[in-house]
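All ligand and atom numbering here is 1-based and tracks the order in the structure. Count residues from 1 along the sequence. For clarity, every value in this text was computed on a predicted model and none was experimentally measured.
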Amino acid sequence: MTAVPQQRLLRTEIPGPQSVARHRRKTTAVSAGVGVGLPVYITRAGGGILVDVDGNHLIDFGSGIAVTTVGNAAPRVVSAVTRQVADFTHTCFMVTPYDGYVEVCEKLNALTPGDHEKRSALFNSGAEAVENAVKIARHATGRPAVITFDHAYHGRTNLTMALTAKARPYKDGFGPFAGEIYRAPMAYPLRWPGGSEACAQQAFDAFVDTVHTQVGEARTAAVVIEPIQGEGGFIVPPPGWLRRVADWCRQHGILLIADEIQTGFCRTGDWFAAEHEQVVPDLVTTAKGIAGGLPLAAVTGRADLMDAVGTGGLGGTYGGNPVSCAAALAAIEIMIEENLCGRAREIERLFLARLHDLASRYDVIGDVRGRGAMLAVELVTGAGDLTPNPALTAAVNARCHRAGLVTLTCGTYGNVFRFLPPLTAPDALLTEGLDIFESALDAARADH
Ligand SMILES: *Cc1c(COP(=O)(O)O)cnc(C)c1O
């Protein structure tokens, strides 16, 4: 099959007639609980382009939520998967093991922060990895409590819903939730009541106060942190905050679990976002970008913690499926050989120049933030008023979609526009996407 040209091409309106028909069918077959951001039905993809049933070629600024970091259907991933699926599809690693699983664990142990001895275990989804990290932390420390933050997102299973902050839609009507989860204030510079300058110190003090007064250090097994928050709004804590939290946890024997599911695998310009602060977490959860689009997740951490769990305490039927492992090994090779961490930093420069210029001309952009190719603008009322503007955000998003740019929003207040392009997308495609975003912002601004 020939490669998909890295160019936008619109043959119909978006969504086109074929997609509209399919979406009607979807509503009679698929639970309404499974939402769809842009109802165009995809038949093919390559790199940073998605091809729909109407023959439209859309620019992908979402990477299927930070998954197709190496590009969609990356040729090296496709051939590794094709080879593996023909050799064998499944054995269950817990029944009869195979090399791919062990090799992925070796890669994770080498690539995650810190040069201490590590072990890994593989799972199917991000939520499952976070659940297992909490299991391991509780088992290894013998302590029950887990600290999470405002605006956190860690998944949709029962334990991870408890860790996740946002009620609607993630938790609405789904309780009761898992116990022994406590929430601390997040260092969110734009919205910190004492101002962004005071945020690092005051947010750290508030975190310590939460643990000390509401939980007790000696009862606390772990603190779960996204080094840059994802679904909660691409919130980048101020420099020094993560370092201080990590140091304080170490003093009290509390484990630091870095949830790098969205930030990991070159996305922020480093292999893992904790590296930016020279923080070495005790446990790291990964998923999303790890395997070029195939489902795979992992917990990687200190060997003494990972090995503390009783044999048979971790695992699952499909965890570390051989096809997913083959995909991960190929995706990691691409990241190394094509220096995708460096590419993420180039993308950061390209995007930030444009986004800061836009922010100087449009006062509805209340903040420009992010690192590498994990970037966002927060849309507000404007004229100095930082009230979140979810209506404008939705309007810009809808206009981008109609123009053939697949974009995502996020944020507790639904007012953050996020950019997560594949790291292999060429500059011309990224620039065209940014042009579309600018036109969409300009037109939506006139209406709101
Ligand atoms: C997406 C995400 C999860 C959940 O991953 P799933 O594979 O959807 O279960 C957990 N944590 C973070 C930070 C995420 O971005």
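Partners of Phe61 according to the ring-ring contact (aromatic ring centres under 6.0 Å, His included) rule, which considers only residues two or more places apart in sequence or in another chain, are Phe351. Under the ring-ring contact (aromatic ring centres under 6.0 Å, His included) criterion, His212 pairs with no residue, sequence neighbours left out.
With 3.5 Å as the limit, one finds a donor-acceptor pair spanning the side chains of Lys118 and Thr112. Side-chain atoms of Asn132 and Glu128 form no donor-acceptor pair, as typed in the model, at a separation below 3.5 Å.
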Under 3.5 Å donor-acceptor pairs involving side-chain atoms of residues 285-298, not counting sequence neighbours:
residue, atom, partner, partner atom, Å
Thr285, OG1, Asp259, OD1, 3.1

Starting from the N and O atoms of ligand 1, find every protein N or O within less than 3.5 Å and list the pair with its distance.
residue, atom, partner, partner atom, Å
ligand 1, 7 (O), Gly126, N, 2.7
ligand 1, 9 (O), Gly126, N, 3.3
ligand 1, 9 (O), Ala127, N, 2.8
ligand 1, 11 (N), Tyr153, O, 3.4
ligand 1, 11 (N), Asp259, OD1, 3.4
ligand 1, 11 (N), Asp259, OD2, 2.7
ligand 1, 15 (O), Gln262, NE2, 2.9
ligand 1, 15 (O), Lys288, NZ, 2.6

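Looking at Glu378, its side chain never comes within 3.5 Å of a backbone N or O of Asn415 through a donor-acceptor pair.
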